[in-house]
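These notes concern the structure reproduced below.
Proteins get letters first, then strands, A, B, ... in listed order; numbering begins at 1 in each. Only a predicted model underlies this, so the values are computations on that prediction, with no experimental measurement involved.
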2 protein chains.
Amino acid sequence: MPSKTRITIKDVAREAGCGVATASRVLNNSGPASADVRKRVEKAARSLGFSFSATGRALQSKRSMTIGCLVPSLANPVFAEAVQGAQEVLLGSGYQLLISSSNYDGAIDNEAIATLLSNDVDGLIVTMTAPEKSRELKQARERNIPVSLMFHDPLDGFCSAYVDNFEAAREIARQFAALGHRRTGFLALRFATSDRSRNRYAGFLAECRARGLPDPALIEISEAEAKTPEKLADILREHSGLTAVFASNDFLAIAVQKAARLSGWRVPEDLSVAGFDGIEIGRMLDIPLATIETRPAAMGRQAAETLLCALQGGPFEQRPALPFQFRAGATLAAPRPESPTAAGIAPQPPSVPSLKYALKQG
Amino acid sequence: MPSKTRITIKDVAREAGCGVATASRVLNNSGPASADVRKRVEKAARSLGFSFSATGRALQSKRSMTIGCLVPSLANPVFAEAVQGAQEVLLGSGYQLLISSSNYDGAIDNEAIATLLSNDVDGLIVTMTAPEKSRELKQARERNIPVSLMFHDPLDGFCSAYVDNFEAAREIARQFAALGHRRTGFLALRFATSDRSRNRYAGFLAECRARGLPDPALIEISEAEAKTPEKLADILREHSGLTAVFASNDFLAIAVQKAARLSGWRVPEDLSVAGFDGIEIGRMLDIPLATIETRPAAMGRQAAETLLCALQGGPFEQRPALPFQFRAGATLAAPRPESPTAAGIAPQPPSVPSLKYALKQG
DNA sequence: TTGTACGCGTTATCAG
DNA sequence: CTGATAACGCGTACAA
């Protein structure tokens, strides 16, 4: 039965035949020590397999060297990549990431922040439902704990690493309009709890109005519906007359493509589709997805860098929004004179989009 | 300028006019207290906005209520989902997740575990390059810190939440063989550092041999090649004569489909493709991907449950491998009499797979 | 029922 | 150059 208890600096000091203060100085290079005692301490530490207890250090130094991170869900690759980005920045810094996810539940959001705070985190990286009205987030600021938001527009005194969803969505509206689309729709998942989704819709709507186009239909669906193309097909059929759909993320957009095929509609001839995020797989599709390319990992990195900077005594400054880029893909085309979704019924047998786009990509 | 320092139980005790022990007993419901003092303490705690310091508690109780989690990368949705699953199990338990990722680097793996250990984690959930030869992992066991592996076959004294990659890969070989494929390939990413990839190849190879078929070609590619269908197409063309490719994960398999299209090959008529993992998007493709469905989130959940059980004094037991399921998709077909990849050159114009499979799925 | 005092592992202080 | 000691926030044994 091997040793059950932690090896502490006391053990090292005893083994080396010196006081704990000396051992601490040697191991930390934080003060004078004779070459002799230095050797003994180092040897003792090595042979005992000593390592510092972060807990003891945290208590003494009042810095936990820990950063709390809250995201809605790691099952969403966008957030997962952002956390990975933050993790990479923090890797050599001595800071550890304490993570929580809320599953998009605003109540859990706040509980999670409270828990993170009571874990004495030195900083916070947060994406949540309603940062603007979170008492816990304000508490963090009152305790002078720097908070980096991710994915949110900058807020109050909190810095944020984000893309301008409103502007990006306007770009989609422009692309639709340039092709001649008038009857468009915005497909949203978790509209009520996602400011990203709302901002995208707002930008899309604003640009449509600015061009004198009809307001886009706001189509909210459930997670179950998003995952079941058959249901999604039913929903799309209910919204007759749409010639272009802007999905609030790429996964949804791919589901729309699938649903369209199930209804016998061709993409993009019968229905144009655009997504948001720019996930890698979108480029691998038979018909590559038109989308807004963003860099979630860069968001995580920036959030972590900003925080690190503040933690190390530097300024805690808002940086400009991260860039996005429209990716044309092949899911956008001019609407047909008479849209088959307007016609209502009788799905036509799909035609042959494969060749055209395979060549286009080649 | 709001309060800068932490509110401790001393502050509460002073405010309530009692000793710290009494305050502690009240706030923890851990001992007797008169109704009177109870009121005062609770009121004081509330008005001061007191919350316990996890650090102080950890030091005193020798339990950090923290679980360390190491995965190769959160940018891989499989691992991200697993961590999310673990997180969900831990949510109400009082344990926090301290996460690290190694970016598939075996040296960082071990550093990360050492760091986690020095953070006094109470348990460990780990996926790494070489758990079987990790000194740090053994150290954890010597300290009686329970370790749950994820994705690895059970090892030594460590429990693992995993699927039987070897058996699952045999199933792919069976499917290929049943259709009449003889010249097959295994496309691997990070073969050297992923026992999953190796086990899948081993199972695939074993079943091929058991059936008297030629050994499958082992095709290792780089991450850059995986992300660039054009390069992948070049590589596939170099391996002439293959009629079926088993990719070590779904992302790769989707890239293969893309690469095949770029070469003018039809999937599955000219080339059968199978993946591994069972990601959602595979079902949404024009030609749904044949794959092995696994449940990464369930792996994370099981790993966390097993750990929690041990942490709460229960048995620390290996559970049976998690189930997997072959999903037929539409990327598998019998090989053509003369394979176009064997023929060597002259990509033929793609034919019309869309209709056939759209109907099949409807 | 209550409060004092100690120890958890660490580092900073300060006297030797 | 060295080492004893206080302090960090907490829970608990023990004394009142």
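Shown for residues 33-51 of chain A: residues whose heavy atoms fall under 4.0 angstrom of DNA chain C, namely A:Phe50, A:Ser51.
Ion pairing between a basic and an acidic side chain is recognised when a charged N comes within 4.0 Å of a carboxylate O; A:Arg190 and A:Glu223 show such pairing. A salt bridge is defined here as a Lys NZ or Arg NE, NH1 or NH2 lying under 4.0 Å from an Asp or Glu carboxylate O, and B:Arg198 with B:Asp195 fails to meet this definition. A:Lys62 has no carboxylate O lying under 4.0 Å from a charged side-chain N of A:Asp120, or vice versa, which leaves the two without a salt bridge.
You'll find that the side chain of B:Phe52 is closest to D:dC10, out of D:dG3, D:dC10, C:dG3. Side chain of B:Ala21, nearest nucleotide from D:dA13, C:dC8, D:dG9: D:dA13. Taking only side-chain atoms of B:Arg25, from C-beta outward, the nucleotide of C:dG3, D:dG9, C:dC14 with the closest atom is C:dG3. Comparing D:dC10, C:dC8, D:dG11 by their nearest atom to the side chain of B:Ser53 picks out D:dC10. Nearest to the side-chain atoms of B:Cys18 among the listed nucleotides D:dT2, D:dC10, C:dG3 stands C:dG3.
Comparing A:Lys10 and A:Ser24, the nucleotide of DNA chain C nearest to each residue sits closer to the 5' end for A:Lys10. Mapping A:Pro32 and A:Val20 onto DNA chain D by nearest heavy atom places A:Pro32 closer to the 5' end of the strand.
Atoms CG (A:Asn29) and C1' (C:dT10) sit 17 Å apart, rounded to a whole Å. Atom pair A:Lys62:NZ and D:dC10:P shows a separation of 10 Å (rounding to whole Å applied). In this entry the distance linking CD1 of A:Ile9 with P of D:dT5 reads 17 Å, nearest Å. Summarising the geometry, the separation between CZ on A:Arg57 and P on C:dT10 is reported as 8 Å, rounded to the nearest angstrom. To the nearest angstrom, P of C:dG9 lies 12 Å from CZ of B:Arg143. Across the protein-nucleic acid pair, A:Leu59 atom CG and C:dA12 atom P stand 13 Å apart, rounded to whole Å. Atoms CZ (B:Arg63) and P (C:dG9) sit 16 Å apart, rounded to a whole Å. B:Ile7 places its CD1 atom 16 Å from the C1' atom of D:dC8, with the value rounded to the nearest Å.
Among the heavy atoms of the strands, none lies under 4.0 Å from A:Ser61. Residue A:Gly19 is in sugar-phosphate contact alone, with no base atom involved, counting any heavy-atom pair closer than 4.0 Å across all strands shown.
Considering every non-hydrogen atom in both A:Gln96 and B:Asn119, the closest pair reads CG-OD1, 3.7 Å. Heavy-atom minimum distance, B:Ala16 versus B:Arg40: O-NE, 2.9 Å.
Although no hydrogens or angles enter the test, the distance criterion places a donor-acceptor pair under 3.5 Å between the side chain of B:Gln318 and the main chain of B:Ser160.
Partner of A:Asp109 under the side-chain hydrogen bond (donor to acceptor under 3.5 Å, both in side chains) criterion, chosen from A:Ser101, A:Ser102, A:Ser100: A:Ser102.
One finds a side-chain N or O of B:Thr22 lying less than 4.0 angstrom from the OP1 or OP2 phosphate oxygen of C:dG3.
In summary, the side chains of A:Tyr162 and A:Arg319 do not present any donor paired with an acceptor at a separation below 3.5 Å, with no hydrogens or angles considered.
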